[in-house]
Asker: 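I'd like to ask some things about the structure below.
Quick caveat, the model's predicted, so the values are computed rather than measured. Hydrogens, waters and symmetry mates play no part in the numbers below; they use all other heavy atoms, side chains included.
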Amino acid sequence: MAKKMKAWIKTIRQLFSSEELTRLARKVGFIQRQRSLTAEAFLTLCAWGDGSLACQSLQRLCADLALWHDCSLSNEGLNQRFTPRAVAFLKEVFFTLLMHQRPALSSITETYRACFTRLRILDSTSFLLPTDYGEDYQGSVSSGAKIQFEYELLSGTCLQLCVQQANDSDARFAYHTQHTILPNDLCIRDLGFFSLATLAEIDARGAYYITRLRSDIKVYIKQDGEWHEWDWESIGNRLGEGEAVEVEHVYIGHQRLYVPRLIFRRLTAEEWEKRLAYVRKKEKKKGKALSRQTLEQKKYHILLTNLPQESFDAQQVYEL
């Protein structure tokens, strides 16, 4: 524990100087005069990597502050520091971190500036809360909250940032924010946001998408006026590690939604080992094993996109 905390404090100091954190804290009024609780100590406490803040007592948190930051603070004194200004300070830190990343990303994004209005990456993260919050923040098992965040890579700006109940649907969130999509936007989404209706709306708005295909969604190919289910198993058996194949003009789901391109890639042994470990962890958590067919399908990356083939080949789409 001590080793991990020392590493975490070292990481914070590599990202921010003490002076910069103090400046951000003063900017939003979190720190107005010299106090024993510094901006660095508060950030370390709130952003500690094990996510245990909400589960710890004030007494334990005060003990951690004394141990790691030589900060003497009463339980009530710390409790009074969790205010809207503290939230504003953490937001400032978060957006400053995003700005720090922009120079490193500039060489990557320059390629896509001529192609897209915006390059949108939407993701979410969930975490448990004490049972006292159950009335306002419900999870699948206990109390929990979810943060929805959409980042625009070309400008380095935040498009969406909101807190929901942990059991709120990612796909529903994406559907209700689709009115913000502009022509030539590229929307990159993970499995949780998959929705046939949302894909259709993105396409109708003259925008683009890259998304993974859910394992329970069937893929069809139309030949000579007849529907045929896509045989991914036979194709997958012919692919070597890291190899990909592209299938054009497919239709997905019961609605037979048209998708211009499907990119089917076999994972490498290393990638499969990591994914399998993640799958086993999820199975253990849910107490339910995946079917053989679903597990076999997870050996592959299956991407759907409406990007024009003449502009982006399969490897470029996969890298995006």
Side-chain angles (χ1 to χ4, degrees), residues 15 24 28 46-47 51 84 87-127 129 137-140 144-214 257 259 263 301-307 312 316-320:
L15 295 171
L24 293 175
V28 297
C46 292
V87 175
F89 166 61
L90 294 175
K91 283 184 176 179
E92 285 291 323
V93 170
F94 177 73
F95 288 117
T96 302
L97 272 176
L98 291 183
M99 296 302 292
H100 283 343
Q101 292 182 14
R102 289 187 65 182
L105 294 171
S106 60
S107 60
I108 301 173
T109 59
E110 199 61 40
T111 308
Y112 306 110
R113 291 186 187 279
C115 306
F116 307 115
T117 305
R118 295 179 294 185
L119 207 162
R120 310 170 59 140
I121 302 173
L122 176 62
D123 205 355
S124 68
T125 183
S126 301
F127 50 92
L129 293 173
Y137 293 98
Q138 298 180 4
S140 55
K146 175 183 290 187
I147 296 175
Q148 296 283 1
F149 177 62
E150 188 169 24
Y151 183 61
E152 204 287 285
L153 193 61
L154 300 183
S155 63
T157 57
C158 170
L159 299 180
Q160 314 281 347
L161 179 63
C162 73
V163 179
Q164 300 179 306
Q165 296 186 130
N167 59 3
D168 284 342
S169 165
D170 286 343
R172 189 179 301 115
F173 176 83
Y175 182 78
H176 287 306
T177 60
Q178 62 189 7
H179 66 280
T180 66
I181 296 172
L182 301 176
N184 290 323
D185 279 359
L186 172 58
C187 305
I188 299 178
R189 308 278 172 83
D190 208 344
L191 276 175
F193 298 94
F194 185 88
S195 163
L196 297 181
T198 300
L199 295 185
E201 183 66 21
I202 292 173
D203 195 61
R205 288 177 175 269
Y208 302 103
Y209 59 79
I210 299 175
T211 183
R212 286 175 59 190
L213 176 69
R214 271 199 349 234
L257 175 69
V259 177
I263 297 166
H301 250 129
I302 307 177
L303 300 179
L304 303 174
T305 183
N306 62 343
L307 285 172
F312 295 90
Q316 288 174 303
V317 171
Y318 182 76
E319 289 172 353
L320 271 168

Asker: Answer yes or no: is there a side-chain heavy-atom contact under 4.5 Å between Tyr209 and Val259?
Answerer: yes
Asker: Go through the steps for Leu119 and Glu152 under the test side chain to side chain contact (heavy atoms under 4.5 Å, CB included), then give the verdict.
Answerer: CA-CA 5 Å; Leu119 207 162; Glu152 204 287 285; 4.1 Å; yes
Asker: Side chain of Arg113, backbone of Leu154: donor and acceptor closer than 3.5 Å?
Answerer: yes
Asker: Is any side-chain heavy atom of Leu182 closer than 4.5 Å to a side-chain heavy atom of Arg205?
Answerer: no
Asker: Phe116 vs Tyr208 aromatic rings, parallel, tilted or perpendicular, using cut-offs 30° and 60°?
Answerer: perpendicular
Asker: So do the side chains of Lys91 and Val28 get within less than 4.5 Å of each other, counting heavy atoms only?
Answerer: no
Asker: Tell me, do Arg212 and Leu303 make a side-chain contact under 4.5 Å, heavy atoms counted?
Answerer: yes
Asker: Could you report the tightest heavy-atom contact between Ser126 and Ala166, atom names first, then the distance?
Answerer: OG-O, 4.3 Å
Asker: So, do Thr177 and Gln148 sit near enough that their side-chain heavy atoms are less than 4.5 Å apart?
Answerer: no
Asker: So which heavy atom on Leu186 is nearest to which on Ile210, and how close?
Answerer: CD1-CG1, 4.0 Å
Asker: Give the minimum heavy-atom separation between Glu92 and Thr96, together with the two atoms involved.
Answerer: O-OG1, 2.6 Å
Asker: To the nearest 0.5 Å, tell me how far Asp203 CG sits from Asn306 CG.
Answerer: 5.0 Å
Asker: What's the shortest heavy-atom distance between Gln138 and Gln165, and which atoms?
Answerer: N-OE1, 3.4 Å
Asker: Any donor and acceptor pair, going by atom type alone, linking the side chain of Ser124 with main-chain N or O of Ile147 inside 3.5 Å?
Answerer: no
Asker: For the CD atom of Gln178 and the CG atom of Leu199, what is their distance to the nearest 0.5 Å?
Answerer: 10.0 Å
Asker: Enter the distance from Thr180:OG1 to Gln160:CD here, rounded to the nearest 0.5 Å.
Answerer: 5.0 Å
Asker: If the condition is ring-ring contact (aromatic ring centres under 6.0 Å, His included), which residues does His176 pass it with, not counting sequence neighbours?
Answerer: none
Asker: Measuring from atom CD1 of Ile181 to atom OG1 of Thr117, what distance do you get when rounded to the nearest 0.5 angstrom?
Answerer: 12.0 Å
Asker: Salt-bridge test for Lys146 and Asp170: reply yes if a basic N is under 4.0 Å from a carboxylate O, no otherwise.
Answerer: yes
Asker: Kindly assign one of parallel, tilted or perpendicular to the pair Phe94 and Phe149, based on the angle between their ring planes and the thresholds 30° and 60°.
Answerer: perpendicular
Asker: Using 0.5 Å steps for rounding, measure from the CZ atom of Phe312 to the SG atom of Cys115.
Answerer: 4.0 Å
Asker: Determine whether Asp123 and Phe193 make a side-chain contact, defined as any pair of heavy atoms from C-beta on separated by less than 4.5 Å.
Answerer: yes
Asker: Are Glu150 and Arg120 within salt-bridge range, i.e. N to O under 4.0 Å?
Answerer: yes
Asker: Going by heavy atoms in the side chains, are Phe194 and Leu304 under 4.5 Å from each other?
Answerer: yes
Asker: Let me confirm one number: the OG-OH distance from Ser169 to Tyr175, rounded to the nearest 0.5 Å.
Answerer: 12.5 Å
Asker: Given side chain to side chain contact (heavy atoms under 4.5 Å, CB included), test Leu122 with Phe173 step by step and report yes or no.
Answerer: CA-CA 10 Å; Leu122 176 62; Phe173 176 83; 3.9 Å; yes
